[in-house]
Amino acid sequence: MNAFDVLSERGFVFQSTDPAGVRQMLTSPTTAYTGFDPTAASLHCGHLVPLMQLAWLQRCGNRPILLCGGGTALVGDPSGKTSSRPILTRDEINANLASQRQQAMRFMDFEADRALVANNADWLCELNYIDFLRDIGAHFSVNQMLTAEIYRTRLDADEHLSFLEFNYQLLQAYDWLHLYRTVGCTMQCAGSDQWANCLAGMDLIRRLEGAEAHVLCTPLLVTASGQKMGKTEKGAVWLDPELTPPYEFFQYWVNVDDRDVERLLKLLTFLSLAQIGELCSADGAALRDAKRVLAYEVTGIVHGQPAAEEAQAAAQALFGGGGGDRSAMPSTGVALVELAGWSLLDALVHAGLCASRGEARRLTAQGGAYVNEARVADPEAPLGEGVVQDGEVLLRAGKKRYHRLVVTG
RNA sequence: GGAGGGAUGCCCGAGUGGCCAAAGGGAACUGACUGUAAAUCAGUCGGCGGACGCCUACGGUGGUUCGAAUCCACCUCCCUCCA
């Protein structure tokens, strides 16, 4: 099956330079790249869409390139931002790059050059300014660049746009040209916010090499209510298990809006459309099954099967009527002597369920504090030995934030 | 380089000497209703102590004053216009 059709059916194609042309190109093995700028220590759930797109391209017989923007991150992409990003040091960037690359490589098979990894610092950092201006800069029209949404919004809003950022587009275009020249890359996949940057590269390749190239943009991952996907009270949903533990990651997907389940299953899992159709044919409460499958699959892809199993077991234990293995749920160890001196307030704060005693007091006053699934209304209620069951105490804040205190001795 | 405007709590945004822990909105949190969903309604939303209390806070540093987010000086950053 043609990769373009697969991607279209699954909702990956937000816009493309020419559907017929892209489809035609993909009838023979094609090399396609997506760039990730290492501006954070971890990728987040928004990156899943382009990663899955690359994965599908590979499954359909094409060769993906994972391009790490070790060079472009030194400059900073203005796309989609209303203000400048702080400039990162080279060390930070390199550290970020290393961990992001590891996360991203899970999505593809790199055996026998079936997929490639590159770092644009390798060619961008040795560029000579004058040569670059003459060879590349000459082909860009500032007039045209200014019409791009990414720059126009910044200018219209009277927001600062530095020359540094303005150059980003040239660098990204040059990346593609480089990849075209060195490994024959004729396609770029990216989030829709990268559209203008991609087009710039396509034009550059056509101009300098007379070659055809195409762009495939994925939709931005947003929730049914229009919010950017992946926002939680704790910030982004990261792929790094240190930043977002697999249990929390799993829970995030279980809790998505009903209206998002089908779309997310198509984008973020490898399940067939038939399976997905089946899962989503139900409505109302029965859709929860589809959400559990979604959570299980995505967690499995990102954190591996065992972690997905554990997260699922913990969720089952907490929300599915007890029993099961809770080990994956958030927990803290505490000595019995210490626990014995704690009030409910102390416990909530120590467990991290509340940021301060005031917040814990508020939670309790509002009836949101539970010990072993029993509501406790007195903030000063001592925990003590009596509440320990099977060596642990189960705390709950509100409807679904759980924490386990494991008594250590 | 010159002239002017601005920086407020997670975000937006009022406040221009005491009545300001700081209006209003959004986000968020809790409860009710439910399906670990959405919508709706109600409440909460700096820290610490059981409240009327104290502490920290309105870009930074000093100063004026009984008293400053509000006035003055210098500094940092941003914006606008001029060159």
Side-chain angles (χ1 to χ4, degrees), chain A residues 78 81-87 153-165 222-237 246-265 279-280 282-296 298-299 311-324 326 328-330 343-346 348-349 351-370 373-382 394-403:
Chain A
K81 302 186 185 66
T82 51
S83 57
S84 303
R85 277 265 180 94
I87 301 284
T153 49
R154 282 284 279 277
L155 295 174
D156 287 351
D158 287 338
E159 288 289 344
H160 176 77
L161 174 67
S162 70
F163 185 66
L164 182 89
E165 293 174 283
V222 292
T223 64
S225 45
Q227 292 289 305
K228 220 183 231 182
M229 204 96 204
K231 289 205 165 163
T232 68
E233 67 277 11
K234 284 186 182 165
V237 174
Y247 168 81
E248 273 174 42
F249 188 84
F250 183 95
Q251 283 298 303
Y252 178 77
W253 301 107
V254 166
N255 281 298
V256 296
D257 195 309
D258 283 7
R259 295 167 289 178
D260 292 321
V261 192
E262 184 168 3
R263 196 165 48 90
L264 293 172
L265 279 165
L279 282 166
C280 298
D283 53 29
L287 261 182
R288 279 183 303 164
D289 292 333
K291 293 183 190 178
R292 284 194 204 100
V293 173
L294 171 70
Y296 178 77
V298 184
T299 308
Q312 190 176 45
Q316 173 66 26
L318 296 172
F319 298 102
R326 290 170 171 180
M329 68 173 287
S343 65
L344 173 62
L345 240 50
D346 297 319
L348 289 169
V349 173
L353 287 171
C354 294
S356 67
R357 293 175 62 80
E359 193 180 311
R361 199 178 289 283
R362 226 173 279 139
L363 177 80
T364 310
Q366 292 177 139
Y370 295 79
E373 297 294 17
R375 181 179 281 179
V376 178
D378 177 13
E380 303 299 342
L394 186 63
L395 296 174
R396 185 176 126 206
K399 222 159 55 159
K400 54 197 178 200
R401 287 160 52 224
Y402 281 96
H403 197 94

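Below, read A as the first sequence line, B as the second, and so on, with proteins coming before strands; counting in each chain starts at 1.
Under the Watson-Crick or G-U wobble criterion, with both distances below 3.5 Å, rU44(B) is paired with rA28(B). rU65(B) is unpaired under the criterion used here, namely a Watson-Crick or G-U wobble arrangement in which both key atom distances are under 3.5 Å. Pairing partner, rG17(B): none, since no Watson-Crick or wobble contact has both distances short of 3.5 Å. rU80(B) is paired with rA3(B) under the Watson-Crick or G-U wobble criterion, all donor-acceptor distances under 3.5 Å. Look at rG35(B): it lacks any Watson-Crick or wobble partner with both distances under 3.5 angstrom. In this structure rC52(B) sits in no base pair that meets the Watson-Crick or G-U test at under 3.5 Å.
Distance NZ (Lys399(A)) to P (rU44(B)): 20 Å, rounded to an integer number of Å. Summarising the geometry, the separation between CG on Asp289(A) and P on rG35(B) is reported as 14 Å, rounded to the nearest angstrom. In this structure, the CD atom of Glu262(A) is 19 Å from the P atom of rA38(B), given to the nearest Å. Asp258(A) places its CG atom 12 Å from the C1' atom of rU34(B), with the value rounded to the nearest Å. Between Leu264(A) atom CG and rA37(B) atom P there is a gap of 16 Å when expressed in whole angstrom units. Protein atom CG of Leu287(A) is 19 Å distant from nucleotide atom P of rU34(B), rounded to whole Å. The distance from atom CZ of Arg401(A) to atom P of rC29(B) is 8 Å, rounded to the nearest whole Å. Per the geometry, CD belonging to Gln366(A) stands 6 Å off C1' belonging to rG43(B), to the nearest Å.
With C1' as the reference atom, rC75(B) and rA83(B) are 26 Å apart, rounded to whole Å. A distance of about 27 Å separates the C1' atoms of rG17(B) and rC12(B), rounded to the whole Å. On the P atoms, rA28(B) is 40 Å away from rC72(B), given to the nearest whole Å. Annotation: rG6(B) and rG50(B) have their P atoms spaced 45 Å apart (nearest Å). rG15(B) and rA27(B) have their P atoms separated by 24 Å, with the value rounded to a whole Å. A gap of 24 Å separates the P atoms of rC66(B) and rG53(B), to the nearest Å. Separation of the C1' atoms belonging to rC29(B) and rC45(B) is 7 Å when rounded to the nearest angstrom. Only the P atoms considered, rG18(B) is 24 Å distant from rG13(B), to the nearest whole Å.
When the side-chain nitrogen and oxygen atoms of Lys400(A) are compared with OP1 and OP2 of rG35(B), none of them lie within a distance under 4.0 Å. For the OP1/OP2 pair of rA37(B) and a distance below 4.0 Å, the side-chain nitrogens and oxygens of Arg288(A) include no atom meeting the criterion. Residue Ser356(A) has a polar side-chain atom (N or O) positioned under 4.0 Å from OP1 or OP2 of rC48(B). Between Arg362(A) and rG47(B) there is a side-chain polar atom (N or O) within less than 4.0 angstrom of OP1 or OP2. One finds a side-chain N or O of Arg361(A) lying less than 4.0 angstrom from the OP1 or OP2 phosphate oxygen of rG50(B).
Using a 4.5 Å heavy-atom threshold, the side chains of Tyr402(A) and Glu373(A) count as touching. Taking the side chain as every heavy atom from C-beta outward, Asp258(A) and Lys291(A) approach each other to under 4.5 Å. Within the 4.5 Å cutoff, side-chain heavy atoms of Leu318(A) are placed close to those of Leu394(A). Put simply, the side chain of Arg357(A) reaches to within 4.5 Å of the side chain of Asp346(A), judged on heavy atoms. Side-chain contact between Arg361(A) and Glu380(A): present, with at least one pair of heavy atoms (C-beta onward) separated by less than 4.5 Å. Between Leu348(A) and Thr364(A) there is a side-chain heavy-atom pair separated by less than 4.5 Å.
If Gly358(A) and Gly398(A) are placed on RNA chain B by their nearest nucleotide, the residue sitting closer to the 5' end is Gly398(A). Nearer the 5' end of RNA chain B, as judged by each residue's closest nucleotide, is the contact made by Val254(A), out of Ala355(A) and Val254(A).
Across all strands, Asp257(A) comes closer than 4.0 Å only to sugar-phosphate atoms, never to a base (heavy-atom distances). At the heavy-atom level, Arg396(A) lies nowhere under 4.0 Å from the strands shown. Within 4.0 Å (heavy atoms only), Val261(A) reaches no atom of the nucleic acid at all. Ala315(A) comes within 4.0 angstrom of a nucleotide base, judged by non-hydrogen atoms across all strands.
For Arg259(A), the side-chain atoms get nearest to rA38(B) when compared with the rest of rA38(B), rG47(B), rG50(B).
No donor-acceptor pair closer than 3.5 Å links the side chain of His403(A) to the backbone N or O of Leu353(A).
Separation of atoms CD (Gln251(A)) and OG1 (Thr299(A)) is listed at 9.5 Å; rounding is to 0.5 Å.
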